[in-house]
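For reference, the structure is listed below as structure tokens.
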Amino acid sequence: MTASTVAGQGDGTLADQAYRSISDRLVTLRIRPGEPINDERIATELGFGRTPVREALKRLEHERLIVAYPRRGTFATEVQIADLGHISEVREQLEPLAAGLAARRAGRADRGDLERLLVRLAKVSGGGTELIRLDMAVHRAIYAATRNPYLEDTLIRYDNLATRIWCLFLDRLPGLAGHVHEHGPLLRAVIDGDAEKAATLAAGHVEGFEAAIRGVI
């Protein structure tokens with residue numbers, strides 16, 4: 001699966017494509033926390049020019065996935081467990097809002113996308129990164145269905161930060177598959193237009209995520 005599939009977006013500009021590719025590597029920790037970021041090397045690996053890669057890196061710095069130090073270079077940000085509470089405070093408010101709005105506003109195409117994700121949830125048999133990418137795809141499809149680009153962008157940013165924490169403890173979290181399959185009832189509520197149920201399920205999902213992480217740290 002490509003990063004663009006995870007994001008639930010089209011190809012976009014070269015900078016957009018570079019952003020999604022690099023973001024995917026950072027979020028799933030293929031680029032490890034603290035690892036130096038070399039724009040020339042990444043451009044070569046991804047087959048992009050340095051200009052779109054540099055534009056993507058500026059965006060990723062704004063989203064706190066990388067950090068640039070004068071005279072030292074650019075690095076993937078460390079995963080700060082202390083940030084879990086701050087991230088959860090935001091997500092506990094905005095994830096239910098997004099789920100409720102999606103249930104009210106999702107169009108035919110949105111509901112078709114959500115139905116296909118339900119099928120993928122039922123069939124998924126892998127683990128690790130495959131499940132994480134499916135989890136991200138579900139979140140992004142719901143965010144897109146809100147028809148609020150500001151809310152969508154904000155939630156993608158915080159979901160990325162939360163997913164990095166999740167990936168850090170992946171080998172110590174026994175309930176990964178169950179956590180991802182929780183999305184089934186949530187997707188169904190959004191598809192059925194049940195805003196209240198969708199919001200309640202989204203809130204419980206965020207609370208469960210934080211509890212699971214705190215249970216292993």
Side-chain angles (χ1 to χ4, degrees), residues 1-9 17-38 41-42 45-46 56-57 59-67 74-92 94-95 98 117 120-121 124-143 152-184 186 202 204-217:
M1 178 183 298
T2 65
S4 59
T5 302
V6 169
Q9 300 171 346
Q17 294 176 51
Y19 163 79
R20 289 193 294 270
S21 296
I22 302 168
S23 175
D24 181 73
R25 293 180 177 206
L26 289 162
V27 170
T28 61
L29 304 189
R30 288 171 60 198
I31 298 177
R32 300 296 300 177
E35 185 176 329
I37 306 292
N38 182 288
R41 177 175 58 81
I42 289 177
E45 290 177 0
L46 297 179
L57 293 178
R59 182 175 172 186
L60 292 164
E61 184 176 9
H62 175 71
E63 296 181 0
R64 298 176 183 261
L65 290 175
I66 65 172
V67 60
T74 302
F75 302 84
T77 54
E78 297 290 347
V79 177
Q80 302 292 343
I81 304 306
D83 289 340
L84 176 62
H86 301 309
I87 293 168
S88 294
E89 282 180 351
V90 176
R91 296 182 71 225
E92 284 169 4
L94 296 187
E95 290 280 356
L117 284 167
R120 285 178 59 191
L121 275 174
V124 67
S125 58
T129 303
E130 181 183 359
L131 281 172
I132 287 168
R133 287 202 172 106
L134 180 54
D135 180 86
M136 293 168 69
V138 170
H139 280 280
R140 280 147 179 71
I142 292 173
Y143 303 158
E152 180 181 4
D153 287 348
T154 299
L155 277 170
I156 287 175
R157 174 179 174 179
Y158 284 96
D159 186 58
N160 282 342
L161 295 173
T163 302
R164 288 187 89 216
I165 295 175
W166 191 11
C167 289
L168 191 66
F169 294 97
L170 195 57
D171 59 343
R172 296 166 59 186
L173 290 168
L176 174 61
H179 178 79
V180 175
H181 281 95
E182 284 180 7
H183 287 313
L186 172 58
H205 185 74
V206 175
E207 291 167 5
F209 168 80
E210 182 177 11
I213 297 295
R214 293 201 180 281
V216 296
I217 61 177

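In this text, all values refer to a predicted model and were calculated from it rather than measured experimentally.
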Check your understanding: Which pairs pass salt bridge (charged side-chain N to carboxylate O under 4.0 Å, His left out) with one or both residues in residues 154-163, sequence neighbours excluded?
Key -> R91-D159, R140-D159
Review point. Is any side-chain heavy atom of Q17 closer than 4.5 Å to a side-chain heavy atom of R20?
Key: yes
Practice item. Please name all residues satisfying side-chain contact (heavy atoms from CB on, under 4.5 Å) with E92, sequence neighbours left out, ordered by chain then number. Key: S88, V206, E207, E210
Study note, to complete from the structure: Shortest non-hydrogen pair, I37 vs L57, comes out as CG2-CD2, 3.9 Å
Revision key, fill the gap. Heavy-atom nearest pair, G184 first then L121, reads N-CD1, 3.7 Å
Check your understanding: Are any of the side-chain heavy atoms of L170 and I132 separated by less than 4.5 Å?
Key -> yes
Study note, to complete from the structure: Between L134 and L117, the two heavy atoms sitting closest are CD1-CD2, 4.0 Å
Check your understanding: With a 4.5 Å heavy-atom cut-off, do L161 and E63 have their side chains touching?
Key -> no
Study note, to complete from the structure: Contacts of P33 meeting side-chain contact (heavy atoms from CB on, under 4.5 Å) (sequence neighbours excluded), chain-then-number -> L29, E78, V79, R164
**Study point:** Minimum heavy-atom distance I142-A98, with the two atoms named
**Key:** CG2-O, 4.2 Å
Check your understanding: Below 4.5 Å, heavy atoms only, C-beta onward: do R59 and L65 meet side chain to side chain?
Key -> no
Check your understanding: Distance from L94 atom CG to Y158 atom OH, nearest 0.5 Å?
Key -> 8.5 Å
Point to revise | CD1 on I66 to CD1 on I31, rounded to 0.5 Å | key: 9.0 Å
Practice item. Report yes if the side chains of L168 and I81 come closer than 4.5 Å at any heavy-atom pair, otherwise no. Key: yes
Point to revise | Minimum side-chain heavy-atom gap F209-D135 below 4.5 Å | key: no
**Study point:** Counterpart residues, side chain to side chain donor-acceptor pair (under 3.5 Å), relative to R64 (two or more places apart)
**Key:** none
Exercise for review: Work out which heavy atom in A202 is nearest to a heavy atom in L186; give both atom names and the distance.
Suggested key: N-CD1, 4.2 Å
Exercise for review: Please examine the side chains of L155 and H139, heavy atoms only from C-beta on, and report whether any two atoms are closer than 4.5 Å.
Suggested key: no
Revision key, fill the gap. Between the CZ atom in R32 and the SG atom in C167, the distance rounded to the nearest 0.5 Å is 9.0 Å
Check your understanding: What is the distance from atom CZ of R120 to atom CZ of R133, rounded to the nearest 0.5 Å?
Key -> 11.0 Å
Revision key, fill the gap. Rounded to the nearest 0.5 angstrom, the CG-CG distance for L26 and L60 is 6.0 Å
Exercise for review: Identify the two heavy atoms, one from V180 and one from W166, that lie closest to each other, and give their separation to 0.1 Å.
Suggested key: CG2-CH2, 3.8 Å
Review point. With sequence neighbours excluded, what pairs up with E45 under the side chain to side chain donor-acceptor pair (under 3.5 Å) test?
Key: R25, R41
Check your understanding: Considering only heavy atoms from C-beta outward, does the side chain of E95 approach that of Y143 to under 4.5 Å?
Key -> yes
Check your understanding: Can you name the residues that form a side chain to side chain donor-acceptor pair (under 3.5 Å) with E182, not counting sequence neighbours?
Key -> H205
